[in-house]
> 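One structure follows; several queries about it will come next.
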Amino acid sequence: MSKLSKLFIILLTLLPWTTQALESDNDQPMLVSSDSAQINSQNGIGIYRGNVRFNQGTSYLTADYAETFTDEDNNLVSAFADGVEDQRAHYWTLTDIDKPELHARADRIEYQAEENKIYLIGNAEVIQGEDSYHAPIIEYDTEKEEVISPEDDQGRTVIILQKQADS
């Protein structure tokens, strides 16, 4: 497997709440907790404030604030999660029983279903084991399997991929 393919696999798992984490996670109930929640089924907006936690199987998201937007069939259209001050939004999951957990952190994590895009905005990083990807912004197109770190005057993109052991 090429290093670029490995990176795509790592980033594929970032899709919040509908990840390519362990397949068994999809069969698990989702637990949502926060200091306060406001859910409007008429307009499909969920607002979660303070100590926000989404847990489903081996997939987790923590943030200070999150919003979800669903369509009339209750399908997730978009979502975002914001960190606070020095505590970034944090998503982690187990992608394979034989691999280390994948961690993604950013000031804001966004998912846009119609665009097939995931955005890690502000102090973005993806880490799995000793491999990592750091950038001011990381954009992932789930349909094209394309990773983009746009040029940004806030910093450079740094990718670290460890050499794979020979099989």
> Measuring only between side-chain heavy atoms, which start at C-beta, is Tyr48 closer than 4.5 Å to Phe54?
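Yes, side chains in contact.
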> Between Gly155 and Pro136, what is the shortest heavy-atom contact and its length?
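Residues Gly155 and Pro136, closest heavy atoms: O-CG, 3.5 Å.
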> Show the nearest heavy-atom pair for residues Asp107 and Arg88, with the distance to one decimal.
OD1-CG, 3.4 Å
> Do Ile159 and Ile121 belong together in a cluster built from hydrophobic side chains that touch within less than 4.5 Å?
no
> What do the steps show when you test Glu110 against Lys117 for salt bridge (charged side-chain N to carboxylate O under 4.0 Å, His left out), and what is the final call?
CA-CA 8 Å; Glu110 290 186 11; Lys117 295 213 176 149; over 6 Å; no
> Could you tell me which non-hydrogen atom of Thr93 sits nearest to which non-hydrogen atom of Ser59, and how far apart they are?
OG1-OG, 2.7 Å
> Between Arg49 and Tyr65, is NZ or CZ placed under 6.0 angstrom from the six-membered ring centre and within 45° of the ring axis?
no
> Would a hydrophobic clustering, with Ile, Leu, Val, Met, Phe, Trp and Tyr connected at side-chain separations under 4.5 Å, put Trp92 with Val126?
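Looking at the clustering, Val126 is in a separate group from Trp92.
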> Atom OH in Tyr91, atom CG in Leu61: separation rounded to 0.5 Å?
8.5 Å
> So do Gln128 and Lys99 actually touch side chain to side chain, heavy atoms under 4.5 Å?
yes
> Do you know which two heavy atoms are closest between Ile137 and Pro150, and how far apart they sit?
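Scanning both residues, the minimum pair turns out to be O-CD, 3.7 Å.
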> Side chain to side chain donor-acceptor pair (under 3.5 Å) between Glu115 and Tyr119: does it pass, once the steps are laid out?
CA-CA 11 Å; Glu115 296 177 18; Tyr119 301 92; 2.6 Å; yes
> Show me, pair by pair, the donor-acceptor contacts under 3.5 angstrom made by side chains of residues 34-43, not counting sequence neighbours?
unit_1 : atom_1 : unit_2 : atom_2 : d
Ser34  : OG     : Ser36  : O      : 2.7
Asn40  : OD1    : Gln42  : N      : 2.8
Asn40  : OD1    : Asn43  : N      : 3.1
Asn43  : OD1    : Ile45  : N      : 3.0

> Check each of Leu161, Ile138, Ile127 against Tyr133 using the side-chain contact (heavy atoms from CB on, under 4.5 Å) test, and report the only one that passes.
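The option that passes is Ile138.
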> What residues form a side chain to side chain donor-acceptor pair (under 3.5 Å) with Tyr60, not counting sequence neighbours?
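Side chain to side chain donor-acceptor pair (under 3.5 Å) list for Tyr60, sorted by chain: empty.
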> Heavy-atom distance under 4.5 Å between the side chains of Asn123 and Glu125, does that happen here?
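No, too far: nothing below the 4.5 Å cut-off.
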> Does Asn55 have any side chain to side chain donor-acceptor pair (under 3.5 Å) partners at least two apart in sequence or in another chain, and if so, which?
none
> What's the shortest heavy-atom distance between Ala89 and Ala81, and which atoms?
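Scanning both residues, the minimum pair turns out to be CB-O, 3.6 Å.
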> Between Asp82 and Arg108, does at least one N-O distance fall below 4.0 Å, as a salt bridge requires?
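Yes, Asp82 and Arg108 are salt-bridged.
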> Check whether any side-chain heavy atom of Phe80 lies under 4.5 Å from a side-chain heavy atom of Phe69, and answer yes or no.
yes
> So how far is it from Ile148 CD1 to Thr157 OG1, rounded to the nearest 0.5 Å?
11.0 Å
